[in-house]
Amino acid sequence: MPDTQVLVNDFLNKLKKRKIEGSQATARQTAELLRSVISQQRVPYTNQAGALIDAVKAVGEQLIAANPVELAVGNIVRRVLHIIREEDLSLTTAAIGGLNLSAVSDDENDDDRDGDSTLSAAAVAAAARSTLRPPSLQTLLEDTPVSAAVPQTSSSGGDSEGKSKSADKSSRSRKLKHDVIEAVNELIQDIVTCHEQIAEQAVEHIHQNEVILTLGSSRTVLEFLFAAKEKKRSFRVFVAEGAPRYQGHLLAKELVARGLQTTLITDSAVFAMISRVNMVIVGAHAVMANGGVIAPVGMNLVALAAQKHAVPFVVLAGSHKLCPLYPHNPEVLLNELRSPSELLDFGEFSDCMDFGSGSGSPLLHVVNPAFDYVPPKLVSLFITDTGGHNPSYMYRLIADYYSADDLVVQRRATAGN
Amino acid sequence: MQYDDKSRVQKLKKRSVVKPTEARNRVELFRHLPQYEHGTQLPVLQSKFFQLDTLHPAVYKVGLQYLSGDICGGNARCIAMLQAFQEAIRDYSTPPAKTLSRDLTAKISSYVSFLIDCRPLSVSMGNAIRFLKSQIAKIPISLSESEAKATLHSDIERFINEKIILADRVIVKHAVTKIRDGDVLLTYGSSSAVEMILQHAHELGKQFRVVIVDSRPKHEGKLLLRRLVRKGLSCTYTHINAISYIMHEVTRVFLGASSVLSNGTVYSRVGTACVAMVAYGFHIPVLVCCEAYKFHERVQLDSICSNELGDPDSISKVPGREDINHLDGWDKSENLQLLNLIYDATPSDYVSLIITDYGMIPPTSVPVIVREYGRGQLWI
């Protein structure tokens with residue numbers, strides 16, 4: 001426990017001081033931290049899931065409070081809580097239905113026992129879900145193959161033995177932690193490889209002689225465009241520089257290094273150039289449950305201009321960016337104001353900072369927001385690692401990834417659920 | 001403007017005093033506009049100052065000021081040019097076998113092509129030159145040279161006074177009626193007309209706040225900010241990407257214009273269209289302040305057919321932020337182009353009202369003004 005406390009404090013510090021850049025890095029580090037919290041957590045004999053959930057909630061609450069604007073942290077905390085609940089449910093139903101399953105399995109493949117352990121747990125979880133809970137879309141689609149899949153995954157002899165031993169509680173508790181950690185590893189894997197899965201869809205959307213506009217810099221967009229270039233699609237890119245961070249310069253440099261025709265424009269020229277653009281492709285900081293997008297500042301401008309000229313506005317987002325919260329007043333609550341020194345040089349304008357006569361308040365205010373909110377009606381398409389979706393569909397994905405009990409991450413005084 | 005036609009470009013180069021070098025990485029979409037390397041001409045021209053006898057020194061000086069960016073803004077450029085022409089006309093003397101009107105017109109044309117080489121003409125300058133040439137053509141042959149020159153001098157004086165200085169006062173008088181106590185006014189960049197309006201309204205004692213939106217690469221809003229804070233106005237400063245954030249608080253938007261075209265399109269500093277579009281989306285009235293001499297009978301639908309391209313190097317560098325140096329050596333790579341647009345065209349549906357010296361008119365009435373008070377009938 002002391003080790004994890006040090007790790008947690010370290011991470012909290014980094015979050016508070018905004019030392020971690022980007023939602024992917026934040027998500028990955030949050031997942032790794034929660035994995036070590038879970039592995040270090042002692043689980044009692046009864047109600048292991050409750051103990052794990054409490055531990056994760058305690059840490060998660062602190063993490064979310066450290067940087068409320070970085071929504072990826074909250075997303076990952078809720079994903080892990082959902083994983084714990086799912087794995088617990090699957091083990092409970094497996095214990096109940098253990099007799100049925102052990103009868104079905106015939107082939108005994110001892111070789112890939114380790115690899116199959118998680119597969120069988122997931123398949124069992126799917127089976128359990130379909131019987132005990134109203135189905136989510138995933139289970140609806142998996143319904144018929146599941147019963148056939150269980151013998152195909154050749155739940156090996158070792159596992160069926162493990163299932164029959166599931167009545168033994170100590171091995172069950174180990175199993176729960178083990179399963180949860182395996183699932184968290186899968187989650188980390190998904191986070192790390194989300195770019196590739198999104199980039200695979202690039203060929204479907206970019207044809208020949210396209211003109212694409214983007215703002216600022218996003219690694220997802222970069223990989224997306226590279227993938228299209230690999231497949232020999234010819235297109236040109238207009239990059240808006242994205243003041244005051246000027247990340248568009250970085251993106252332009254990298255695109256040019258890969259041989260793409262790039263033109264760098266200022267943000268004020270977006271309306272002027274958008275009439276000659278075929279498609280706008282941008283990344284996002286977070287995607288809210290109503291399909292709205294929290295994006296780097298300036299994105300609303302691009303979205304409005306694209307709507308006026310009927311240019312498709314495509315947002316690329318990994319599934320770790322999907323947030324189950326609805327945005328109320330996002331410009332204020334989900335925004336951060338950065339230092340005015342990025343806009344005005346303090347030395348140059350120090351004389352203007354003096355207090356004005358009479359009212360006693362300064363005459364000069366500088367506003368430098370970090371994020372912009374794009375309403376769902378301006379977005380044409382979301383491309384995530386699970387495919388392309390309409391903004392009106394995003395709420396459905398939430399049921400797959402998150403549990404309704406976890407929307408407010410708060411440690412309850414009474415333990416257990 | 002046909003800079004994509006090689007033969008025309010050759011002819012132009014032969015006549016010109018300024019010898020600009022063409023930019024290496026030209027943006028394809030703007031092939032029809034001149035794209036030159038900036039920063040190469042100024043030292044060359046400065047050294048040639050005492051060697052040119054075809055060009056009057058006042059005109060030469062104004063040309064250099066345009067090239068270096070010392071004089072910026074439609075009204076300022078127009079006034080500087082007309083005053084330089086006044087001096088040139090004062091020092092002019094008709095050569096023996098020629099008539100004053102034809103020779104002077106030819107001389108003015110050569111001055112104008114020099115100024116175009118320094119920096120393409122703005123619409124205000126173009127209208128002023130047309131006025132001057134028509135006045136020269138109207139001079140009766142019977143008039144002596146000194147009388148003709150005096151007439152022209154006073155004509156130019158009257159033009160500047162009536163069309164620019166008095167017009168601005170009328171605009172200010174109309175516009176302050178649109179400002180109420182408690183207003184939050186947004187303006188973009190630095191427009192001389194809007195600045196006068198805000199200062200006058202403040203002097204009248206109205207209580208309001210100003211939001212100044214600025215953008216790269218010129219950062220003209222900083223100068224306006226300084227002048228307004230000096231006068232005691234409460235100002236908020238932000239950059240163009242943040243307008244969706246700040247537009248919630250704003251009650252009115254005041255914009256300046258380089259010109260208003262006959263289909264109601266406002267041709268103004270790049271970024272104006274973005275501001276107008278967001279304001280329209282938030283149902284905030286957009287008021288454009290423009291003197292009537294800047295109206296033109298040309299029509300334009302987008303910002304690409306006719307525009308001006310500035311120095312691309314000012315985009316690759318960010319003054320004050322040395323860490324943003326990713327694009328050093330950008331001209332060496334053939335895949336990268338930097339585009340520095342100077343103007344853009346705001347569609348007329350985003351504009352609620354145009355305040356001119358002929359009154360406050362909707363954008364659809366601009367061709368009426370151009371026709372009734374257009375060329376030849378410039379006096380009210």
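Just so you know, these numbers use all the heavy atoms, side chains as well, and skip hydrogens, waters and symmetry mates. Sequence lines set the chain letters: A, B, ... in the order given, protein chains first and strands last, and positions in each chain run from 1.
Using a 30° and 60° split on the angle between ring planes, B:F30 and B:H32 fall in the parallel class, below 30°.
Of the two parts of B:V210, neither the backbone nor the side chain holds a non-hydrogen atom closer than 4.5 Å to a non-hydrogen atom of chain A. When heavy atoms are compared at a cutoff of 4.5 Å, A:E342 approaches chain B by way of both its backbone and its side chain. Both the backbone and the side chain of A:D267 come within less than 4.5 Å of a heavy atom of chain B. For A:L255, no part lies under 4.5 angstrom from a heavy atom of chain B. Using a 4.5 Å cut-off between heavy atoms, A:P340 makes no contact with chain B at all. Residue A:L251 does not touch chain B at all, counting heavy-atom pairs closer than 4.5 Å. Looking at B:L336, both its backbone and its side chain come within 4.5 Å of chain A, counting heavy atoms on both sides. Residue contact with chain A, scored on non-hydrogen atoms closer than 4.5 Å, involves the side chain of B:R230 exclusively. Only the backbone of A:R245 comes within less than 4.5 Å of a heavy atom of chain B; no side-chain atom from C-beta onward does.
Side-chain atoms of B:T265 and B:Q300 include no donor-acceptor pair closer than 3.5 Å. No side-chain donor from either of B:Y343 and B:S259 sits under 3.5 Å from a side-chain acceptor of the other. A side-chain donor-acceptor contact under 3.5 Å links A:T263 and A:R236. Using modelled atom types, one finds no donor on one side chain facing an acceptor on the other under 3.5 Å when comparing B:S333 with B:N335. Judged by distance alone, the side chains of A:N300 and B:S244 do bring a donor and an acceptor atom under 3.5 Å apart.
When each of A:D345, A:L344, A:V270 is scored by its heavy-atom pairs under 4.5 Å with chain B, the top score falls to A:L344. Ranking A:D372, A:V239, A:T262 against chain B, the residue ahead of the rest is A:T262, based on heavy-atom pairs under 4.5 Å. For the set B:I243, B:L228, B:T346, B:L327, the count of heavy-atom pairs under 4.5 angstrom toward chain A peaks at B:L327. Put simply, of A:I265, A:L250, A:V366, A:L304, the one with the most heavy-atom pairs under 4.5 Å next to chain B is A:L250. When A:A257, A:P296, A:G242, A:P244 are compared by the number of non-hydrogen pairs under 4.5 Å with chain B, A:P244 comes out ahead. When A:G298, A:A305, A:A240 are compared by the number of non-hydrogen pairs under 4.5 Å with chain B, A:G298 comes out ahead. Most heavy-atom pairs under 4.5 Å with chain A, from the set B:C235, B:P217, B:G232, B:S316: that is B:C235. Heavy-atom pairs under 4.5 Å with chain A peak, among B:L339, B:I212, B:T238, B:D302, at B:L339. Interface summary for chain B: among A:M299, A:E331, A:H249, A:K253, the most heavy-atom pairs under 4.5 angstrom belong to A:H249. Among the candidates B:R209, B:H248, B:H219, the residue making the largest number of heavy-atom pairs closer than 4.5 Å to chain A is B:H248. No other option in B:I315, B:V211, B:D214 has as many heavy-atom pairs under 4.5 Å with chain A as B:I315. Options B:T272, B:L233, B:N340 differ in how many heavy-atom pairs under 4.5 Å they form with chain A, and the most are formed by B:L233.
Judged purely by atom type and a 3.5 angstrom limit, A:S234 uses its side chain to pair as donor or acceptor with the backbone of A:N209. The backbone N or O of A:A284 lies less than 3.5 Å from a partner atom in the side chain of A:K321, making a donor-acceptor pair. No donor-acceptor distance shorter than 3.5 angstrom exists from the side chain of B:D183 to the backbone of B:I179, with no hydrogens or angles considered.
In plain terms, the two heavy atoms of A:P376 and A:P391 that are nearest each other are O-CG, 3.7 Å. The heavy-atom pair separating B:L338 from B:P312 by the smallest distance is CD1-O, 3.5 Å.
Ring centers of A:F371 and A:H285: under 6.0 Å apart, within the cut-off. Remark: aromatic rings of A:F224 and A:H195 are distant, center separation not under 6.0 Å.
Remark: B:R252 is not positioned above the aromatic ring of B:F208, lacking an NZ or CZ atom under 6.0 angstrom from the ring centre and at most 45 degrees off the axis.
Below 4.5 Å, heavy atoms of chain A meet heavy atoms from B:C274, B:M277, B:V278, all part of residues 274-286 of chain B.
The pair A:E223-A:R219 counts as a salt bridge, with a side-chain nitrogen and a carboxylate oxygen less than 4.0 angstrom apart. Checked for salt-bridge contact, B:R119 and B:E308 meet the test: a charged N lies under 4.0 Å from a carboxylate O.
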